[in-house]
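What follows is a set of notes on a single structure, which appears directly below.
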2 protein chains.
Amino acid sequence: MLRLAYKSLPICFMRFVALTFIMLSKKCKYAIHALVHLAEKYNQGPVQIQEISDKKHIPKKFLEAILLELRHAKILQSKKGKGGGYYLYRKPEEVNLVEVIRLMDGALAMLPCVSIHYYEHCEECRNEKTCGIRDSFIDVRDETLRILSRSTLAQITKRERQLAESAKPRK
Amino acid sequence: MLRLAYKSLPICFMRFVALTFIMLSKKCKYAIHALVHLAEKYNQGPVQIQEISDKKHIPKKFLEAILLELRHAKILQSKKGKGGGYYLYRKPEEVNLVEVIRLMDGALAMLPCVSIHYYEHCEECRNEKTCGIRDSFIDVRDETLRILSRSTLAQITKRERQLAESAKPRK
DNA sequence: TTAAAGTCTATAAATTCAATAGAGTTTATA
DNA sequence: TATAAACTCTATTGAATTTATAGACTTTAA
C-alpha cells in the first residue's frame with residue numbers, strides 16, 4: 001500500500017521514504033467493497049461491473065480481474081452476455097473476511113513463521129522452539145482470525161443498515 | 001514482504017503472482033531480532049554491528065541503517081570509535097513491539113481509515129459513519145495493540161529463557 | 001598515529017502494486 | 001440472425017517500494 005508520509009531522517013535513503021503500512025492492498029479493499037455491494041443486492045439478479053465500479057469508485061479494468069478471481073474461488077458467480085453481471089454464489093452469511101483477505105493478500109499472520117496457510121521457516125531465529133518473539137504474533141494471529149471470521153457479508157450489511165438507521169434524524 | 005507462492009490462475013497477470021502478505025517487512029523483523037539480542041546483553045557494554053549481523057544473519061549494511069534509525073528514536077544509544085557499538089538506551093521493560101513496528105513499518109491497523117497514527121479517509125465508503133466494514137478492523141486493531149504493547153523486550157527475553165529451560169533434557 | 005567502529009550520502013537491483021489495452025466469447029433480443 | 005451488451009482472458013506498462021551495497025567521513029581507544 002503506497003502512502004506518502006514524510007519523515008525527516010538523516011539517512012538519505014530513508015529521508016523522504018514513503019512509509020509502507022502493514023495494510024490490506026487496494027485490491028483487497030476493492031474486493032471487500034464490491035462484495036458488500038453484491039451482498040446488498042443478494043437475490044436481485046446479476047449486477048454489472050460498471051455499476052460496482054461507479055458506486056464504489058473502483059477502476060473498472062482492475063475490478064474485472066478482481067471479480068474474476070472471486071468467481072474462480074466460488075465466492076461469486078457470473079452471467080455472460082446482455083443482461084449479465086455478477087452475483088453472490090453463496091449466502092452472505094457464508095462469506096467472511098478471512099477468506100477474502102487470504103485470497104487477495106495471502107496470509108493474515110504478521111510473520112511467515114506463525115502463518116497457518118503460508119508458513120515459512122524464520123531465517124533469523126535459529127531455533128523456533130525457543131524463539132520468544134513468535135508467541136506474541138501467534139496471539140495476534142488468533143485474535144485476528146477470531147474477529148474476521150465472524151465478519152461475514154451478512155453481518156456487515158446488517159451493521160450498515162443499523163448505522164444508517166441510527167444516523168437518521170429522530171422524528 | 002516478498003515471498004513467492006505460486007498460484008495457478010487463468011488470468012495472465014495473476015498467474016505466477018508473488019503473493020504479498022500483510023506482513024512485517026524484513027527491516028522490521030531485523031530490528032526486532034537485533035533489539036532482542038541487545039536486550040540479552042543489557043548492561044554488558046556496547047555490542048558491535050558485526051556481532052549482531054553474524055548472530056542474527058542480517059546484512060551488515062542494512063543493519064547499520066536500522067540501528068541508526070533506532071538510535072534516532074532514542075531506543076538505542078551508540079558509542080563511536082574503537083570498542084564502540086550499540087546498546088539499549090532504555091530498560092528492556094520500556095521497549096515494546098508496538099513502538100518498534102510503528103517506527104519501522106508504520107501503522108498497525110489493517111486499513112488507513114481505522115489507523116490511530118496514520119489515519120486517512122477511505123475513498124470507497126462515502127460515509128464513514130455508516131460503513132459496516134470499519135468495525136471489524138477497529139476490533140482487530142485494538143486487540144493487536146493490546147497484545148503487542150504487552151510484548152516488551154524484557155518479556156521476550158524472559159520467555160526465551162523459559163523456553164530454553166523447558167527444552168533442556170530432564171535429569 | 002593508527003586501527004576499529006559508527007555515521008552519512010548516494011545508488012542499484014529486484015520485486016510488487018496498480019492500472020490499462022485490446023481481442024475474444026457468450027447471450028438476450030429486436 | 002444480426003447486433004449490442006457484458007463477461008473472459010492474455011499481455012504489458014509505469015511507478016513505487018523494498019532490500020541491499022558502495023564508499024567516503026568521523027570519532028575514539030590505545
Side-chain angles (χ1 to χ4, degrees), chain A residues 1-5 8-31 45-53 57-72 76-87 104-106 123, chain B residues 1-5 8-31 45-53 57-72 76-87 104-106 123:
Chain A
M1 160 142 279
L2 65 164
R3 194 159 312 283
L4 295 175
S8 59
L9 279 172
I11 309 179
C12 131
F13 81 89
M14 287 175 182
R15 181 174 287 159
F16 292 109
V17 75
L19 290 181
T20 4
F21 297 145
I22 311 161
M23 283 189 178
L24 299 186
S25 65
K26 283 200 174 187
K27 186 182 165 196
C28 188
K29 278 207 294 180
Y30 290 161
V47 179
Q48 292 152 32
I49 297 177
Q50 190 65 60
E51 176 184 321
I52 304 173
S53 167
H57 311 89
I58 303 171
K60 193 187 170 203
K61 274 295 191 179
F62 198 11
L63 183 58
E64 277 182 18
I66 292 167
L67 295 177
L68 208 49
E69 200 168 335
L70 290 167
R71 191 180 74 92
H72 292 140
L76 293 182
Q77 188 51 277
S78 66
K79 188 170 179 299
K80 282 184 181 179
K82 198 168 180 177
Y86 277 97
Y87 52 96
M104 293 291 131
D105 282 353
E123 292 291 320
Chain B
M1 159 141 281
L2 65 162
R3 194 159 313 284
L4 295 176
S8 58
L9 278 173
I11 308 178
C12 133
F13 81 89
M14 287 175 181
R15 181 174 287 159
F16 291 109
V17 74
L19 291 182
T20 4
F21 296 147
I22 311 160
M23 283 190 179
L24 299 185
S25 65
K26 282 199 174 188
K27 185 182 165 197
C28 187
K29 277 207 296 179
Y30 290 162
V47 180
Q48 293 153 33
I49 297 176
Q50 190 66 59
E51 176 184 322
I52 305 173
S53 167
H57 311 89
I58 303 171
K60 193 188 168 201
K61 275 294 191 180
F62 198 11
L63 184 58
E64 276 182 18
I66 293 167
L67 295 176
L68 208 48
E69 199 168 336
L70 290 167
R71 191 180 73 92
H72 291 140
L76 294 182
Q77 187 51 277
S78 66
K79 188 167 181 297
K80 284 184 182 178
K82 198 168 181 176
Y86 277 96
Y87 52 96
M104 294 290 130
D105 281 352
E123 292 291 320

## Note on the structure
Counting primed atoms, P, OP1 and OP2 as sugar-phosphate and everything else as base, the B/S/- map of nucleotides 24-30 of chain D against protein heavy atoms under 4.0 Å is ---BBS-
Protein-nucleotide distance ([X], atom [atom1]; [N], atom [atom2]), rounded to Å:
{"X": "B:L63", "N": "D:dT19", "atom1": "CG", "atom2": "P", "answer": "14 Å"}
{"X": "B:L76", "N": "C:dA5", "atom1": "CG", "atom2": "P", "answer": "18 Å"}
{"X": "A:I58", "N": "C:dA19", "atom1": "CD1", "atom2": "P", "answer": "10 Å"}
{"X": "A:L24", "N": "C:dA18", "atom1": "CG", "atom2": "C1'", "answer": "15 Å"}
{"X": "A:K60", "N": "D:dC7", "atom1": "NZ", "atom2": "P", "answer": "7 Å"}
{"X": "B:E69", "N": "C:dT7", "atom1": "CD", "atom2": "P", "answer": "13 Å"}
{"X": "A:Y86", "N": "C:dT27", "atom1": "OH", "atom2": "C1'", "answer": "15 Å"}
{"X": "B:Q77", "N": "C:dG6", "atom1": "CD", "atom2": "P", "answer": "13 Å"}

For [X], what residues pass the side chain to side chain contact (heavy atoms under 4.5 Å, CB included) criterion, not counting sequence neighbours?
{"X": "A:K60", "result": "A:I49, A:Q50, A:S53, A:E64"}
{"X": "B:I58", "result": "B:Y30, B:K56, B:L63"}
{"X": "B:E51", "result": "B:H37, B:K41, B:V47, B:K55"}

### Query
With A:Y86, which residues qualify under ring-ring contact (aromatic ring centres under 6.0 Å, His included), at least two apart?
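With neighbours one apart ignored, the set is empty.
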### Message
Rounded at 0.5 Å granularity, tell me how far CE in A:M23 sits from CG in B:D105.
### Response
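Separation between the atoms: 11.0 Å.
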Does [N] have OP1 or OP2 sitting under 4.0 Å from an N or O in the side chain of [X]?
{"X": "B:S78", "N": "C:dT7", "result": "yes"}
{"X": "B:Y30", "N": "D:dA20", "result": "yes"}
{"X": "A:H72", "N": "D:dC9", "result": "yes"}

### Query
Do B:H72 and B:L68 pass the side-chain contact (heavy atoms from CB on, under 4.5 Å) test, and can you show the C-alpha distance, the side-chain angles, and the key distance before you say yes or no?
CA-CA 6 Å; B:H72 291 140; B:L68 208 48; 3.8 Å; yes
### Query
Which part of the nucleic acid does B:I49 contact within heavy-atom distance under 4.0 Å: base, sugar-phosphate only, or nothing?
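The answer is sugar-phosphate, as B:I49 gets under 4.0 Å only of primed atoms, P, OP1 or OP2.
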### Message
If you assign each of A:C28 and B:R71 to its closest nucleotide in DNA chain C, which residue comes earlier from the 5' end?
### Response
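Its nearest nucleotide lies further toward 5', so the answer is B:R71.
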### Message
I want to check something: taking the side chain as every heavy atom from C-beta on, are A:E69 and A:M104 in contact at a cut-off of under 4.5 Å?
### Response
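Yes, close enough: below the 4.5 Å cut-off.
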